[in-house]
Number of protein chains: 2
Amino acid sequence: MNYQIELRHFVYFLAVAEELHYRKAAEKLFISQPGLSTQIKQMEEILGTQLFVRDKKKVSLTPAGEFLKKEVEFILNHLDQTKKQVKLIGDGQLGEVRIGFLGSAMQNVVPNLLLGLKEKYPTVHTTLEELSNRAQINAILTDRLDLGFVRLSRVPKGLDVKPVFEDTFSLVLPEDHPLDAKHFKNINQVADEDFILFSQDYSPMYYDTVLSICEDSGFVPHVSHKSVHAQTIFKLVENKLGIAIVPTTLQYGFQMKVKFIEMKKIKQRAVLSMVWKTDNRNPALQKCMDLLQKL
Amino acid sequence: MNYQIELRHFVYFLAVAEELHYRKAAEKLFISQPGLSTQIKQMEEILGTQLFVRDKKKVSLTPAGEFLKKEVEFILNHLDQTKKQVKLIGDGQLGEVRIGFLGSAMQNVVPNLLLGLKEKYPTVHTTLEELSNRAQINAILTDRLDLGFVRLSRVPKGLDVKPVFEDTFSLVLPEDHPLDAKHFKNINQVADEDFILFSQDYSPMYYDTVLSICEDSGFVPHVSHKSVHAQTIFKLVENKLGIAIVPTTLQYGFQMKVKFIEMKKIKQRAVLSMVWKTDNRNPALQKCMDLLQKL
DNA sequence: ATAATTAATAAGTATGAATTATCAAATTGA
DNA sequence: TCAATTTGATAATTCATACTTATTAATTAT
């Protein structure tokens with residue numbers, strides 16, 4: 001009659017919403033199918049809305065169910081994190097920050113942050129994950145991540161961005177390429193070569209910026225390969241499959257037979273920004289932000 | 001032993017955290033004090049942390065409890081909000097209808113629908129897309145669209161159609177064409193002219209209807225141009241490349257040097273219909289349909 | 001046709017959240 | 001100083017209900 005929603009309901013709901021199949025969902029949850037059926041039904045009664053459509057042989061979500069699914073994902077993630085935080089604080093630690101980053105942030109910004117944290121707040125724990133721009137935004141929105149390092153100018157509502165590092169671009173050439181820093185004047189000297197770039201969907205802003213650099217010199221680059229890994233890009237350059245344009249700091253940390261020509265005169269910069277949820281209350285995140293102000 | 005946190009725990013915890021007094025908190029929750037005690041204790045066991053300090057005669061929060069209190073306030077609020085929203089979406093008060101339409105529906109039916117929605121259901125969002133008949137049918141079948149406005153008499157199985165607007169046809173002539181409304185009797189007065197019509201594949205029904213109008217007058221029109229855009233058709237007429245026959249409402253909304261002669265006596269009508277998937281469960285769609293009944 | 005799916009229903013069980021009754025410890029008030 | 005109160009924590013018991021198993025109706029597949 002007058003039941004209340006419980007977390008159990010959410011866990012069950014999510015299983016069904018993911019499987020769209022009561023028996024399989026019940027198996028995954030290690031409960032019986034009839035039990036699951038009644039719990040979902042009860043849930044629908046409490047909420048006063050149909051969540052699933054059970055047609056002939058097919059289970060699907062209603063719009064309300066669709067909406068609830070997203071919310072439940074967030075709530076359960078947030079809850080997991082809260083439990084962890086409570087435990088850490090109870091143990092005298094400050095908590096945990098879950099950090100996502102683009103590979104190119106690992107050369108400079110992220111290591112400095114970690115060093116700073118270790119020194120000033122040794123009780124703050126961190127988890128690190130290398131993710132694409134898009135994956136980071138998603139993870140932050142669903143509260144699987146507290147802080148991201150991305151190359152984006154705009155982010156969805158509810159998130160804040162702040163630039164933390166500006167980098168020049170560098171041309172990456174095979175070691176024995178005829179052009180060198182001394183004779184480099186303008187990028188159109190290599191306009192006819194094949195270009196190897198990071199994929200658009202890995203970082204659309206990077207891609208657009210590189211194209212605009214070429215455009216400013218009056219040519220459209222012929223892009224022969226795209227990759228999401230700097231390692232791969234350098235390897236391809238090493239093997240003379242093309243040349244690349246990347247943020248300058250990427251030159252450190254790789255052992256490759258390639259040379260970098262920093263293009264200081266070019267006005268475009270590779271901007272690395274941090275992103276976080278505006279209303280994130282993770283106390284350990286605050287400490288991170290304080291530190292990043294000073295870097 | 002291996003219990004799980006439930007929302008009940010949070011509600012209980014918050015009561016104690018606010019009152020800092022087990023008996024009073026229990027009273028507020030309408031449960032017995034011992035029950036509350038055991039539940040809080042269980043909660044602490046699950047989380048692996050002390051949440052309250054019970055000193056002699058005084059209950060207070062630990063730092064971990066302090067943190068959890070803020071989180072629980074957030075979580076419970078967020079949950080309330082989510083419940084409300086799910087209910088609203090389920091009732092069709094909130095949500096999205098994805099509408100497709102032929103350009104010619106934009107003069108009249110679609111704007112009226114949008115105005116009505118805005119007034120009666122201001123929380124229902126709409127997305128609009130101008131598409132051909134065929135593209136709309138495809139989009140509805142694959143659930144990329146909820147509602148279409150087409151000129152078709154028959155639609156694939158699984159879809160429903162319903163006429164929403166009937167329009168007369170008008171002759172479209174260059175502004176300085178010798179024929180005018182006063183002297184217009186029958187369409188065979190222009191039987192020898194070139195005709196400019198909408199393409200068959202944009203709207204086969206329109207095409208057939210126009211041909212049947214001519215047939216009724218005993219001639220077969222010579223079609224010199226076809227287009228999918230009213231704008232284009234009018235432009236061609238303006239430049240004396242032919243004359244056109246179009247649904248009358250199209251005369252509004254364009255700034256062209258052409259004149260319209262409405263052919264009221266002709267029995268054929270340009271019928272605009274709405275199409276939707278019979279088993280579409282989008283509650284916001286129902287609201288649309290209700291409104292369209294009254295237009 | 002028969003067999004094998006599906007989810008929903010019905011009836012019974014057992015877990016565990018609640019209750020009442022009680023306790024020890026602290027506070028209060030003569 | 002010693003009852004009288006108050007606190008939260010136990011202990012024993014009750015009872016609600018989340019589960020189970022058994023079964024059914026409805027589809028789909030063979």
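Each chain gets a letter, A, B and so on, in the order its sequence line appears, and its residues count up from 1. Here the structure is a predicted model, which is why all the values come from computation and not from measurement.
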query: Is B:F149 close to B:V164 at the side-chain level, that is, under 4.5 Å between some pair of heavy atoms?
result: yes

Can you tell whether the side chains of [X] and [Y] come within less than 4.0 Å, N to carboxylate O?
X	Y	answer
B:E44	B:R54	yes
A:K70	A:E66	no
A:K84	A:D80	no

Can you measure [X] atom [atom1] to [N] atom [atom2] for me and round it to whole angstrom units?
X	N	atom1	atom2	value
B:N2	C:dT15	CG	C1'	14 Å
B:I31	C:dT20	CD1	C1'	14 Å
B:K41	C:dA18	NZ	P	16 Å
B:M43	D:dG8	CE	C1'	18 Å
B:E44	D:dG8	CD	P	14 Å
B:Q4	C:dA17	CD	P	12 Å
B:F52	D:dG8	CZ	P	11 Å

- request: Identify which one of A:Q85, A:Q93, A:E96 satisfies the side chain to side chain donor-acceptor pair (under 3.5 Å) criterion when paired with A:H125.
  value: A:Q93

query: Which word best sums up how the rings of B:Y22 and B:F52 line up, parallel for under 30°, tilted for 30 to 60°, or perpendicular for over 60°?
result: perpendicular

message: Angle between ring planes, B:F198 versus B:Y206, binned at 30° and 60°: parallel, tilted or perpendicular?
response: perpendicular

query: Across the strands shown, which category fits A:K58 at heavy-atom distances under 4.0 angstrom: base, sugar-phosphate, nothing?
result: nothing

query: Base, sugar-phosphate, or nothing for A:Q39, non-hydrogen atoms under 4.0 angstrom?
result: sugar-phosphate

field: A:S203 and A:N133: side chain donor to acceptor below 3.5 Å
entry: yes

- prompt: Does B:H78 have its ring centroid less than 6.0 Å away from the ring centroid of B:F74?
  reply: yes

Of the nucleotides [options], which has the atom closest to the [X] side chain?
X	options	result
A:Y3	D:dT17, D:dT10, C:dA17	D:dT17
B:Q33	C:dA8, D:dT10, D:dG8	D:dG8
B:S32	C:dA8, C:dT20, D:dG8	C:dT20

- prompt: Can you list, by residue number, the residues of residues 5-17 of chain B that have a non-hydrogen atom closer than 4.0 angstrom to DNA chain C?
  reply: B:R8, B:Y12

- prompt: Does anything in residues 20-30 of chain A reach DNA chain C, meaning a heavy atom under 4.0 Å, and if so which residues?
  reply: A:H21, A:Y22, A:R23

